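A quick note: this is a predicted structure, and the numbers were derived from the prediction, not measured. A note on names: the letters A, B, ... follow the listed sequences, proteins ahead of strands, and every chain is numbered from 1.
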2 protein chains.
Amino acid sequence: MEQSRKRAKPGRNPGSGSRTSRPRQAEVAQLAGVSQATVSLVLSARSDGKAATISEETRQRVLDAARSLGYAHDPAARRLAAARNNLLGVFSFTATFPTDVQHSYYPFLVGVEQEAAARGYDLVLFTGSSSGGAGAAGPDALSRVRLADGCLFLGRHAPGAELKRLVADGFPVVHLGRREELEGLAWVGADYVSASRAVVEHLAALGHRRIVLVREADDAPASADRQRGFLEGLAAVGGEAGPGAVLRCADPAGAVTAERVRALVADGVTAFVAEETDTGAAWRALDAAVREAGLSCPGDVSLGLLGSPPPDLAAAPVPTGFDVPRHQLGAAAVRLLAALVAGEEAQEPLVVCEFRTGATAGPPGRRP
Amino acid sequence: MEQSRKRAKPGRNPGSGSRTSRPRQAEVAQLAGVSQATVSLVLSARSDGKAATISEETRQRVLDAARSLGYAHDPAARRLAAARNNLLGVFSFTATFPTDVQHSYYPFLVGVEQEAAARGYDLVLFTGSSSGGAGAAGPDALSRVRLADGCLFLGRHAPGAELKRLVADGFPVVHLGRREELEGLAWVGADYVSASRAVVEHLAALGHRRIVLVREADDAPASADRQRGFLEGLAAVGGEAGPGAVLRCADPAGAVTAERVRALVADGVTAFVAEETDTGAAWRALDAAVREAGLSCPGDVSLGLLGSPPPDLAAAPVPTGFDVPRHQLGAAAVRLLAALVAGEEAQEPLVVCEFRTGATAGPPGRRP
DNA sequence: TCGCATTGGTAATGCGCATTACCTATGCGC
DNA sequence: GCGCATAGGTAATGCGCATTACCAATGCGA
């Protein structure tokens with residue numbers, strides 16, 4: 001008998017002092033002298049004024065009974081019956097939970113948590129069940145998220161097929177990060193385009209006309225957006241946007257050498273911008289190359305970073321660029337998800353990145 | 001009608017191509033030409049040879065049907081019906097996603113995840129609903145963990161009353177960290193007593209007799225254990241274990257000054273050990289004080305750390321001490337939890353900490 | 001005085017699944 | 001050829017809750 005695990009005593013005596021099993025609504029009802037249905041109505045009282053059908057007196061009796069019994073909802077039953085249990089899921093496809101503060105998702109999670117708390121939701125965190133987890137293989141991989149009312153997905157590794165399935169089933173899903181290729185998938189993202197353009201415009205205002213973007217050979221939307229913003233900015237300010245304006249390299253450290261930088265500068269380039277990525281490779285390479293080339297910054301060349309520097313380079317000269325408002329992104333994602341759960345059709349705009357003046361940009365040097 | 005959210009078309013036609021709702025076992029059954037019960041039997045086939053009641057042919061038909069429909073269990077229903085859904089919960093009570101850089105359960109989680117995966121469990125992470133979360137206040141705070149088959153609790157902040165309640169309800173619970181005051185609560189912990197004693201004995205073997213323990217004024221079991229091991233070690237080696245042997249201070253940085261250290265050394269103390277805590281305050285203070293006092297280590301004084309140094313001090317002189325096997329602790333906790341879920345009575349022993357020779361201990365200096 | 005709306009509450013139902021009691025062939029020994 | 005065991009499967013039930021259809025009592029206008 002499995003249920004022996006749930007009810008310690010199959011035949012218990014409800015009146016006696018020593019209880020041994022979690023109370024059900026039925027027991028609360030008995031104690032309050034009402035029906036189970038009434039208990040449910042009282043305890044799930046949605047603040048929607050709609051349910052004025054229980055008298056205040058009865059309400060109090062039920063609440064007292066529930067309190068004295070220490071009643072707590074069974075989340076599984078709640079979800080099964082009503083398709084609502086006030087829980088929001090967060091799924092990250094990393095091997096382990098991204099609770100390590102070093103982890104790049106961490107800042108998002110902080111925002112997610114705050115917003116969820118503010119809206120009265122509890123959170124449940126799922127991970128991509130690294131190796132041999134139960135659902136690791138099959139389409140079950142994502143099925144656990146159905147424990148929650150809706151789910152937020154982090155990271156570009158979220159498999160499209162699975163997500164599509166959830167969406168098709170009408171399960172509320174929000175993806176954190178631009179994800180337009182999946183029809184019907186809700187997402188929130190940072191406005192890298194505008195932010196990148198702003199950096200270019202800042203450099204242009206300082207007098208730069210020949211600016212080069214160093215980016216990795218990744219095709220992530222985030223990279224594409226930055227490049228687009230960069231080119232738009234260049235065009236807007238009448239800068240030179242020839243094919244040489246973008247340095248796309250699979251291995252930034254190998255491609256962006258001191259020599260290369262020196263050559264470009266000699267050719268008239270006065271400023272460089274790098275995209276931010278997980279590894280920060282582009283910025284790292286650019287920084288090293290400039291330094292090694294013996295160029296002073298921002299004396300000889302100006303540098304811009306389309307994002308935030310990696311933690312280990314956060315010190316000293318703060319790069320001119322922008323900050324991705326990760327907390328706000330997380331919060332926006334939760335807002336959107338909450339709206340979907342509530343059946344609304346809300347749409348979250350792109351979240352604006354904040355320009356960071358920094359100390360790596362100045363007027364162009366006076367090299368020929 | 002709420003269910004319109006679950007079933008896109010109340011009256012759907014099972015044969016037509018465009019499906020729009022997640023399939024149930026009933027639909028799989030229909031496709032396979034069997035009953036829902038059969039589908040359940042096949043799909044939940046426990047490897048326990050017990051269930052040989054379905055013919056191989058039927059089994060295959062069901063499996064095929066399930067696959068072609070992309071069937072996936074509903075975790076909520078599963079849990080409700082069977083009290084099992086193959087999920088283990090992990091509850092961390094620290095400020096939900098700890099903003100304190102030092103304070104991360106990450107290493108534990110790594111072990112937890114590996115072991116869970118190895119045992120075919122999926123994980124769900126709950127957090128301490130820091131601020132105004134839904135269940136933040138009431139006894140509901142922990143009720144969500146019932147979504148899982150059992151739950152692991154991290155951190156000393158897990159409220160006893162709630163835990164007791166879960167245990168009393170027969171819900172499988174394991175606490176990571178010693179927790180003996182709660183009758184019936186299963187836990188796993190590191191053997192700080194033995195490990196601390198070993199450090200003292202190591203110092204004693206080098207010739208030290210006057211050793212002082214610097215600890216915080218916390219009453220956590222982990223602190224008490226270290227002190228106990230320290231005193232036991234001192235007693236075992238015939239060291240001087242007077243009341244001055246333990247420096248218990250609320251504010252290590254303020255209490256353990258260069259002067260204080262100098263005075264103690266002048267008084268004949270040749271070695272110090274500090275306990276490890278979240279913040280590493282004790283070790284930090286000791287390290288700074290010794291350095292500031294102009295004492296060389298291990299030339300003038302030997303130092304020991306009952307645990308691991310905080311990340312920012314991990315460099316250079318590796319402290320003599322021990323390492324808490326966090327991965328193994330996490331794994332042990334999962335093993336224990338799995339046993340409880342399975343209804344067994346398993347008991348996990350304390351996990352042994354590994355001695356770390358380090359470079360901060362040597363023979364006593366030759367001060368008078 | 002009757003009809004009708006409103007208030008306050010309840011019985012019944014079903015969510016999706018696991019489980020169990022039970023039923024129907026077969027096979028087998030004697 | 002009969003009784004009985006066994007394999008293979010199914011109908012029915014309930015987990016704990018939200019929801020809905022429905023019912024009883026009361027108020028109120030005409």
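Toward the 5′ end of DNA chain D lies the nearest nucleotide of B:Gly33, the other residue of the pair B:Gly33 and A:Ala76 mapping further downstream. Along DNA chain D, the nucleotide nearest A:Ala26 and the nucleotide nearest B:Glu56 are compared for position; the residue whose nucleotide lies closer to the 5' end is B:Glu56. Each of A:Gln36 and B:Arg78 has a nearest nucleotide on DNA chain C; the 5'-most of these lies closest to A:Gln36.
For A:Ser40 and D:dT19, the shortest distance from a side-chain N or O to OP1 or OP2 is not below 4.0 Å. Distances shown here put a side-chain N or O of B:Thr58 below 4.0 Å from the OP1 or OP2 atom of D:dG9. The side chain of A:Ser55 places an N or O atom within less than 4.0 Å of a non-bridging phosphate oxygen (OP1 or OP2) of C:dG9.
The backbone N or O of B:Pro75 lies less than 3.5 Å from no partner atom in the side chain of B:His73, so there is not a single donor-acceptor pair.
We find that CG of A:Asn86 is positioned 15 Å from P of D:dC17, with the value rounded to whole Å. C:dT6 atom P lies 18 Å from atom CD1 of A:Ile54, rounded to whole Å. Rounded to a whole Å, the CZ atom of A:Arg146 is 16 Å from the P atom of C:dC15. Rounded to an integer number of Å, the gap from CG of B:Asp149 to C1' of C:dA18 is 13 Å. The CZ atom of A:Arg61 sits 12 Å away from the C1' atom of C:dG8 (whole-angstrom rounding). The CD atom of B:Gln60 sits 13 Å away from the P atom of D:dG9 (whole-angstrom rounding). In this structure, A:Asp74 atom CG and D:dG14 atom C1' are separated by 14 Å, rounded to whole Å. Rounded to an integer number of Å, the gap from A:Gln30 CD to C:dT10 C1' is 16 Å.
Here the nucleotide nearest the side chain of B:Ser35, chosen from D:dC17, D:dT10, C:dG9, is D:dT10. Comparing C:dT10, D:dC15, D:dG9 by their closest approach to the side chain of B:Leu80 singles out D:dC15. In the set C:dA18, D:dC17, D:dG9, C:dA18 carries the atom at the smallest distance from any side-chain atom of B:Ala81. Distance from the side chain of B:Ala37 is smallest to D:dT10 among C:dT10, D:dT10, C:dC17. Among the nucleotides C:dG9, D:dG9, C:dT19, the one closest to the side chain of B:Leu41 is C:dT19. Residue B:Thr53 has its side chain nearest to D:dG8 when only C:dA11, D:dG8, D:dA11 are considered.
Put simply, the side chain of A:Cys151 does not reach to within 4.5 Å of the side chain of A:Leu166, judged on heavy atoms. The side-chain heavy atoms of A:Tyr121 and A:Leu337, taken from C-beta on, include no pair separated by under 4.5 Å.
For the ring pair (Phe, Tyr, Trp, His ring centres under 6.0 Å) with A:Phe153, the qualifying choice from A:Trp187, A:Phe171, A:Phe126, A:Phe91 is A:Phe91, the only one to do so.
Within 4.0 Å of B:Val34, counting heavy atoms only, lie sugar-phosphate atoms of the nucleic acid but no base atom.
Not a single ring pair (Phe, Tyr, Trp, His ring centres under 6.0 Å) links A:Phe108 to another residue, sequence neighbours left out.
The existence of a salt bridge linking A:Arg67 and A:Asp64 is confirmed by a sub-4.0 Å separation between a basic side-chain nitrogen and an acidic carboxylate oxygen.
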